[in-house]
Amino acid sequence: MDTPKIQVLKPSYRVEECKEAIGECLECGWTGLGFKTTEFEEAWKEYTKLPHAHFLNSATAGLHLAVKILKDAYGWQDGDEIITTPLTFVSTNHAILYERLFPSFADVNPDTLCLSPASIEAKITPRTRAVMYVGVGGNPGQLEEVRALCKRKGLKLILDAAHMAGTRINHRHVGHEADVTVFSFQAVKNLPTADGGMICFQDAEFDAKARKLAWLGIDKDTYLRSSMQGDYKWKYDVPETGFKYHGNSIMASLGLVALKYLDEDNRRRHEIALRYFTHLSKLKAMRCFSWAKNVTNSCHLFQIAIPNRDKVLAELNNMGIYPGVHYVDNTHYRMYRHGMNTCPEAHRLSDELLTLPIHLGITDEDVDRVVDSLKIAVDIVDATQS
Ligand SMILES: *Cc1c(COP(=O)(O)O)cnc(C)c1O
């Protein structure tokens, strides 16, 4: 059979518009920090109504800065704990280890795949300093309960919003709940550049700190006021060792174009998700995940839980369909073994989760083909099991 392959995630770019925006950078000879990165930050603040935004080369960099800046500001000690989820991309948890803090794993709510407030509360110790929360697939889950819990317990809240560009609660963009929110614009995320991220602090001083640390720790403020038009460009102080984390104008050009279409694109993702949901939610063999009525979900992912996942996945591959897995429980990885057998829901879901193809290249017919193939795959696997 010569049917086209269907991939789980795939970026689509408005090529002519992107070329034009990148062309502006090339023509004026400015591809780095500033120019389009500033424009993108302003556009992102306008779109989300968040008070601050700094464009970075990835969300991984942003999560690291988030943890570091809070650690330094509040005097957290090495070994202090951040409560986090095992069901995420490893960036989330690496950010905690980069700063020599301890990732303490709490369990997920099996209905949303996001952290369960009750499980977070049970993991709080005298050394707990913050909660790292992931809005899985674009679903905020119980973010508002977690925010209230953090307030009550005096913990900082870091939101890994890598999947949440365009996600709203009661028509307000997510991010306002947390002390710091980090978005990803990596190529397969729902606001694709090639690589990029945005760090959004509530606090102006932390935003200023992030800007310095993302540019090697260089502090120009002292000289900026006295310098006229590029004089004394080389005169700056470096009070601490920062990182090369800032974004560039080429990536920001792609981001600016994608942002114009984000709501439209997310609406299409939502249609695809609903079409899957309508066909699949009735089936006994699998389970879909839902979100609250007051939520506009970015629908970055469409996930199901299914028994014999690996076998079903292999059958789907035979039919030219390539779903994904988001995610393998991080406590399976050597770095995070200390969390093994502490989060039963996440451990179970890790073997069952399957992400069905969802992106702007997917037609309604593709969705129907995935659904039909999935039913066939389940039947084949069932037949070989018994
Ligand atoms: C993709 C992703 C990241 C990392 O984003 P990058 O921009 O690729 O660094 C972090 N957390 C989650 C949940 C992600 O899916």
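This structure is a prediction, so every number in the text was calculated from the model and none was measured. Just so you know, ligand 1 is whichever comes first in the structure, and atom 1 is the first atom listed for that ligand.
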Engineer: Where on Ser58 is there a heavy atom closer than 4.0 Å to ligand 1, on the side chain, on the backbone, on both, or on neither?
Structural biologist: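 Both backbone and side chain of Ser58 come within 4.0 Å of ligand 1.
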Engineer: Provide, to 0.1 Å, the distance between atom 15 (O) of ligand 1 and the closest protein heavy atom, together with that atom's residue and name.
Structural biologist: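 Answer, as residue, atom name and distance: His163 NE2, 2.7 Å.
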Engineer: Any atom of ligand 1 sitting under 4.0 Å from a heavy atom of Gly196?
Structural biologist: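 The answer is yes, since Gly196 has a heavy atom less than 4.0 Å from ligand 1.
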Engineer: N/O of Thr88 under 3.5 Å from N/O of ligand 1, yes or no?
Structural biologist: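 Such a contact does not occur with ligand 1.
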Engineer: Can you tell me if Ser119 uses its side chain to pair, donor with acceptor, with the backbone of Asp107 under 3.5 Å?
Structural biologist: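 At least one qualifying donor-acceptor pair exists.
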Engineer: State the atoms of ligand 1, each with its element, that fall below the 4.0 Å cut-off from a heavy-atom position in Ser91.
Structural biologist: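 That gives atoms 4 (C), 10 (C) of ligand 1.
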Engineer: Can you confirm, on distance only, whether ligand 1 has an N/O atom lying under 3.5 Å from any N/O atom belonging to Ala59?
Structural biologist: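 Among all N and O atoms of Ala59, at least one is under 3.5 Å from an N or O of ligand 1.
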Engineer: Need the ligand 1 atom indices (1-based, order shown) with element for anything under 4.0 Å from a heavy-atom of Gln186.
Structural biologist: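 Close to Gln186: 7 (O), 8 (O).
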Engineer: Who else is in Leu274's hydrophobic cluster (ILVMFWY, side-chain heavy atoms under 4.5 Å, direct or via others)?
Structural biologist: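 None; Leu274 is a cluster of one.
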Engineer: Does ligand 1 have an atom under 4.0 Å from some heavy atom of Tyr327?
Structural biologist: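 A heavy atom of Tyr327 does come that close to ligand 1.
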Engineer: Which residue holds the protein heavy atom closest to atom 11 (N) of ligand 1, what is that atom called, and what is the gap in Å?
Structural biologist: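 Protein heavy atom with the smallest distance to atom 11 (N) of ligand 1: Asp160 OD2, 2.7 Å.
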Engineer: Do NZ/NE/NH1/NH2 and the carboxylate oxygens of Asp263 and Arg267 come within less than 4.0 Å?
Structural biologist: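 Between Arg267 and Asp263 there is no salt bridge, as every charged N stays at least 4.0 Å from the carboxylate O atoms.
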Engineer: Going by heavy atoms, is Lys189 under 4.0 Å from ligand 1?
Structural biologist: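 Lys189: in contact with ligand 1 (<4.0 Å).
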Engineer: Out of Val90, Asp195, Thr60, indicate the one that has the non-hydrogen atom closest to atom 9 (O) of ligand 1.
Structural biologist: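 The nearest heavy atom belongs to Thr60.
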